Amino acid sequence: MYREHFGLTQDPLGKQSRALFDTEPLRLLKQRFDWLLEHPGVGLLTGPPGVGKTAALRQLTQPLNPHRFEVIYLAETDFGRLDLYRSLALALGLEPPHRRAALWREIKARLREMAEQKHLLPLWIIDEAQNLPNEFFRDLPAFINFAFDSQDLMTLWLVGHPSLAQTLQRAPYEALASRLQCHIQLPPIDDPEQFTALVRHGLKQAGVQQQLMSDSGLHLLLMASRGRPRTASQILCTAMKLAVPKGLNHLPDELLQEAIEALR
């Protein structure tokens with residue numbers, strides 16, 4: 001109902017947004033993302049929850065030609081390493097063997113077939129990678145080693161919280177860290193001017209034509225969301241829901257504060 005009330009086509013700063021707010025880290029991510037499509041390898045994307053890591057990769061993968069790239073997205077990471085390889089095997093259309101050696105062998109054979117016969121690059125995106133088991137980090141370098149490490153047949157993006165980068169700096173994972181071809185960090189947007197531009201961008205994308213809040217309201221939103229688009233979206237949507245029964249077509253500071261309190 002609040003969407004109709006405010007004339008929205010989607011939630012502001014929500015998952016349906018078709019165009020992300022342009023920032024320097026996002027431009028850098030797009031550049032490195034394209035690099036790893038041309039030159040397969042391992043990339044690392046980190047940032048606090050809610051800054052838009054998954055949304056950014058979703059936008060970057062959407063226009064990819066399915067005849068050239070096979071996108072495999074994995075977000076369920078709180079499992080054993082064998083489960084992770086099995087999920088990859090299933091995504092590649094394989095019936096996963098029970099033993100790890102056979103599992104690796106069949107996955108690698110499929111990856112080689114995709115590269116050499118179909119000219120298809122698998123793009124494996126592992127989200128919430130900070131939850132991956134340590135054993136997975138230890139043996140991943142061996143898994144992505146093809147033909148005496150002379151070929152790269154898959155691009156892998158590890159996506160997670162900042163703690164993921166700290167984990168990979170530890171000595172047991174040095175082999176994997178040495179294979180990272182890039183590390184992009186998406187920070188919160190906590191600069192007031194940039195945050196205001198972000199919110200206006202999100203509202204415009206959602207179809208909002210009128211001015212919804214004051215400068216002090218934007219400041220409230222920035223402080224409460226800590227510059228994280230997901231939290232800002234939740235506050236805005238909650239405030240709009242609260243505005244409907246009050247018959248308001250704008251979001252006064254008191255209403256934003258009420259929304260902030262409701263989400264705590």
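Residue numbers start at 1 and run along the sequence shown. Computed from a predicted structure; not experimentally measured.
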Should we count [atom1] of [X] as having more than 12 external heavy atoms under 6.0 Å?
| X | atom1 | result |
| --- | --- | --- |
| Asn65 | CG | yes |
| Glu135 | CD | yes |
| Glu4 | CD | no |

Distance in Å, [X] [atom1] paired with [Y] [atom2], rounded so as to fall on 0.5 Å steps:
| X | Y | atom1 | atom2 | result |
| --- | --- | --- | --- | --- |
| Met213 | His219 | CE | NE2 | 14.0 Å |
| Leu103 | Leu88 | CG | CG | 8.0 Å |
| Thr77 | Asp83 | OG1 | CG | 11.5 Å |
| Thr238 | Gln234 | OG1 | CD | 7.0 Å |
| Leu176 | Leu158 | CG | CG | 6.5 Å |
| Thr54 | Arg230 | OG1 | CZ | 7.0 Å |

Using residues 244-251 as the side-chain source, report each donor-acceptor pair under 3.5 Å to any protein atom, sequence neighbours left out, with the distance given to one decimal.
none

With [X], which residues qualify under side-chain contact (heavy atoms from CB on, under 4.5 Å), at least two apart?
| X | value |
| --- | --- |
| Gln166 | Ser163 |
| Pro122 | Leu111, Met114, Met154 |
| Gln209 | none |
| Leu74 | Glu76, Leu84, Ser87, Trp124, Ile126 |

Residues two or more places apart in sequence or in another chain: which of them pass ring pair (Phe, Tyr, Trp, His ring centres under 6.0 Å) with Phe143?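 Here the qualifying residues are Tyr85, Trp104.
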Who pairs with His201 by ring pair (Phe, Tyr, Trp, His ring centres under 6.0 Å), at least two apart in sequence or on another chain?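 In terms of ring pair (Phe, Tyr, Trp, His ring centres under 6.0 Å), with neighbours along the sequence ignored, His201 is linked to Phe21.
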[Y] and [X], any side-chain heavy atoms less than 4.5 Å apart:
| X | Y | value |
| --- | --- | --- |
| Arg179 | Pro141 | yes |
| Arg226 | Thr231 | no |
| Pro49 | Arg228 | yes |
| Tyr2 | Asp11 | yes |
| Leu256 | Ile235 | yes |
| Asp152 | His39 | no |
| Leu236 | Leu212 | no |
| Glu70 | Lys118 | no |

If we ignore hydrogens and angles and just use 3.5 Å, is the side chain of Thr46 paired with the main-chain N or O of His161 as donor and acceptor?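 Side chain of Thr46 to backbone of His161, a donor-acceptor pair under 3.5 Å: no, none is there.
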Do the side chain of Lys108 and the main chain of Asn145 share a donor and acceptor less than 3.5 angstrom apart?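 Confirmed, Lys108 side chain pairs with Asn145 backbone.
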Apply side-chain contact (heavy atoms from CB on, under 4.5 Å) to the pair Glu254 and Glu258, showing each step before the final yes or no. CA-CA 6 Å; Glu254 300 76 23; Glu258 188 178 347; over 6 Å; no
Who else is in Leu26's hydrophobic cluster (ILVMFWY, side-chain heavy atoms under 4.5 Å, direct or via others)?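 Same cluster as Leu26: Leu20, Leu28, Leu29, Phe33, Leu36, Leu37, Leu45, Val51, Leu57, Leu60, Leu64, Phe69, Val71, Tyr73, Leu121, Leu123, Ile125, Trp157, Val159, Ile184, Leu186.
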Scan residues 23-52 for pairs that pass salt bridge (charged side-chain N to carboxylate O under 4.0 Å, His left out), counting only residues two or more places apart or in two chains.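 As it turns out, the salt bridge (charged side-chain N to carboxylate O under 4.0 Å, His left out) pairs with a partner in residues 23-52, which skip direct neighbours, are Asp22-Arg27, Glu24-Arg27, Lys30-Asp34.
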Can you pull the salt bridge (charged side-chain N to carboxylate O under 4.0 Å, His left out) pairs that have at least one residue in residues 187-197, sequence neighbours excluded?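 Output for this query is empty, none listed.
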Walk me through it: do Arg86 and Leu82 pass the test side-chain contact (heavy atoms from CB on, under 4.5 Å)? CA-CA 6 Å; Arg86 282 184 178 134; Leu82 208 53; 3.6 Å; yes
Heavy atoms only: give me the nearest [X]-[Y] pair and the separation to one decimal.
| X | Y | answer |
| --- | --- | --- |
| Ala129 | Phe137 | O-CZ, 3.4 Å |
| Glu106 | Leu94 | O-CD1, 3.6 Å |
| Ala115 | Leu153 | CB-CD2, 3.8 Å |
| Leu255 | Ala243 | CD2-CB, 3.4 Å |
| Ile189 | Leu222 | O-CD1, 3.8 Å |
| Leu220 | Gln257 | CD2-OE1, 3.2 Å |

Pair Leu140-Leu156, side-chain contact (heavy atoms from CB on, under 4.5 Å): steps then yes or no: CA-CA 11 Å; Leu140 187 58; Leu156 168 66; 3.5 Å; yes
Apply side-chain contact (heavy atoms from CB on, under 4.5 Å) to Leu8 and Met240, showing your working. CA-CA 11 Å; Leu8 304 180; Met240 288 179 178; 3.5 Å; yes
List for me each residue that meets side chain to side chain donor-acceptor pair (under 3.5 Å) alongside Gln211, sequence neighbours excluded, and say none if there are none.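 Gln211 satisfies side chain to side chain donor-acceptor pair (under 3.5 Å) with no residue once adjacent residues are dropped.
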Mind checking side chain to side chain donor-acceptor pair (under 3.5 Å) for Glu128 and listing every partner two or more places apart, or none if nothing turns up?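 Once residues adjacent in sequence are excluded, the partners of Glu128 under the side chain to side chain donor-acceptor pair (under 3.5 Å) criterion are Gln130.
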With hydrophobic residues grouped by side-chain heavy-atom distances under 4.5 Å, do [X] and [Y] end up in a single group?
| X | Y | answer |
| --- | --- | --- |
| Ile72 | Leu44 | yes |
| Leu242 | Leu263 | yes |
| Met223 | Leu221 | yes |

